[in-house]
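Here the structure is laid out as structure tokens; the discussion comes afterwards.
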Number of protein chains: 2
Amino acid sequence: MNLFWEKGFAGASMKQIELALDMRPGSIYATFGSKDGLFREALAAYAERGGVELREHLAGYSSVLDGLQGYLRRIAQQSKPGEATPSRACMIVKTLLEASNSNSAMAEQANTILDAVEQSLVQLLEQAKMQGELAADTDCARLARLFQAQLIGLRSFAQRETHPEHVTSLAEDMAATLDHYRVRH
Amino acid sequence: MNLFWEKGFAGASMKQIELALDMRPGSIYATFGSKDGLFREALAAYAERGGVELREHLAGYSSVLDGLQGYLRRIAQQSKPGEATPSRACMIVKTLLEASNSNSAMAEQANTILDAVEQSLVQLLEQAKMQGELAADTDCARLARLFQAQLIGLRSFAQRETHPEHVTSLAEDMAATLDHYRVRH
DNA sequence: AGTGTAATTGAGCGTTCACTCAAAAAGTAA
DNA sequence: TTACTTTTTGAGTGAACGCTCAATTACACT
């Protein structure tokens, strides 16, 4: 998963995969069927891990909006030089951009995952609305898409070679955007 | 350029490039040196074209902020199914995500271009400040990064298979974000 | 038309790609 | 230990990769 996340699908060769898994080609193909199949499982694992991470993060907040704002800041923290992550950008987005216009099955998987993330965000925002954090007439689906797009933008921006504090201030500004959707404020 | 934009660097084979240019390998290598060299020129051409497009678009506005908001809406329009573009996502961002962690020279070029775009945005926002659209204490560099990240998010989101109106409403919400930085409002 | 230069051609180079499969090794059960 | 099944091995497959270069064609100038 880390290798694919770092190098992308085409960028990771079977030789590197053999090394990363400490498996010989025969075993890899007996287990995963193909490079595509292995990537599919890697991306699914990434999505699963990301989902758990978001849920666990939000568990530490009583306010949903506070939790989402904290999540933006957390992403910015993870983008700092000390943190050793395969890539600062999101593997799902990397896959979407790599696979669209070439590998339709892979693009479809990325799309499906992003749909699921979006739906999770809708549920969370609906919850925020019921808790009175959002106005009753808030379009949660629309706000979910805005938040997702901001996340995508933040993590893609983080892939740049910029000062880490630029990423943290960016996360802060995106968090401030969410504030404008709070009731009263 | 269109082929690389659509398929990415690794995704475009020399065979496809020969077809797209209607040139045989020898001529291609005599002209561009290598596949890398050709890609470098393609990306530079893309950046140049994008710069011209932004400048021409803004020429139709007396207010810089109105112009930038219009630009977001314009991007959303270009993402509609009728428009035949190689990719709805930005070629520079696609390159950044593909090349980081594998091709450092290519990643550096993408970074350099994004730096230049950022600087252009800073200049524009400084102009908006002088025209009284932004508060005197506005951090234009920071706001430029926010706008760029939103653009990246919008165009990457547009690569998804969603309803076109979701992209237009997303652009609208991002435009509304800019409104919060206007003086008075 | 004749001559020198520049540009183009395409067969084919070595390499790397994802992937296969007969043989060997490891595991299981009596 | 023996017989059987499952798993692993790694040399090797054909295909596709980026790229080269001697031969050819097109061009420029007298």
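Just so we're clear, the structure is a prediction, and the values are computed from it rather than from any experiment. For the numbers below, each heavy atom of this structure counts, side chains included, while hydrogens, waters and symmetry mates do not. We name chains A, B, ... by the order of the sequence lines, and we start the count at 1 in each one.
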Expressed as a whole number of angstroms, how long is the span from [X]:[atom1] to [N]:[atom2]?
X	N	atom1	atom2	answer
B:Phe39	D:dC17	CZ	P	17 Å
B:Tyr29	D:dG18	OH	P	7 Å
A:Ile28	C:dT20	CD1	C1'	13 Å
B:Phe32	D:dG18	CZ	P	15 Å
B:Arg24	D:dT24	CZ	C1'	14 Å
A:Glu18	D:dT9	CD	P	10 Å
B:Lys35	D:dC17	NZ	C1'	8 Å
A:Leu19	D:dG10	CG	C1'	15 Å

Between B:Ile17 and A:Gly26, the residue closer to the 5' end of DNA chain D by nearest nucleotide is A:Gly26

When A:Pro25 and A:Ser13 are each assigned the nearest nucleotide of DNA chain C, the 5'-most assignment goes to A:Ser13

Please determine if B:Asp137 and B:Lys129 form a salt bridge, counting it only when a charged side-chain N lies under 4.0 Å from a carboxylate O.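 Result for this pair is no, no salt bridge flagged.
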
*asked:* Please determine whether a side-chain nitrogen of the Lys or Arg among A:Arg160 and B:Asp115 lies less than 4.0 Å from a carboxylate oxygen of the Asp or Glu.
replied: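 Looking at B:Asp115 together with A:Arg160, the answer is yes, because their closest N to O distance falls below 4.0 Å.
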
- Message: When you measure from the centre of the six-membered ring of B:Tyr71, is the NZ or CZ of B:Arg74 closer than 6.0 Å and no more than 45° off the axis?
- Response: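 So B:Arg74 doesn't make the cation-pi contact.
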
Subject >> Side chain of A:Met14 - closest among D:dG18, C:dC19, C:dA18 >> reply: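 Looking only at side-chain atoms, A:Met14 lies closest to C:dA18.
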
Side-chain contact check for B:Ser34: nearest option of D:dC19, D:dG18, D:dG10 is D:dC19

Distance col, row B:Thr177:OG1 vs A:Gln150:CD, nearest 0.5 angstrom, shows 6.0 Å

* To do: Verify whether one side chain among A:Gln159 and A:Ser87 offers a donor that lies under 3.5 Å from an acceptor in the other.
  => yes

* Asked: Which is true for A:Ser27 with a 4.0 Å heavy-atom rule: it touches a base, it touches only sugar-phosphate, or it touches nothing?
  ->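 Result for A:Ser27 = base.
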
For A:Ala10, answer base if it contacts any base atom (sugar-phosphate contacts may also be present), sugar-phosphate if it contacts only those atoms, and nothing otherwise; contact means non-hydrogen atoms under 4.0 Å.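 If one applies the 4.0 Å heavy-atom cut-off, A:Ala10 turns out to touch nothing in the nucleic acid.
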
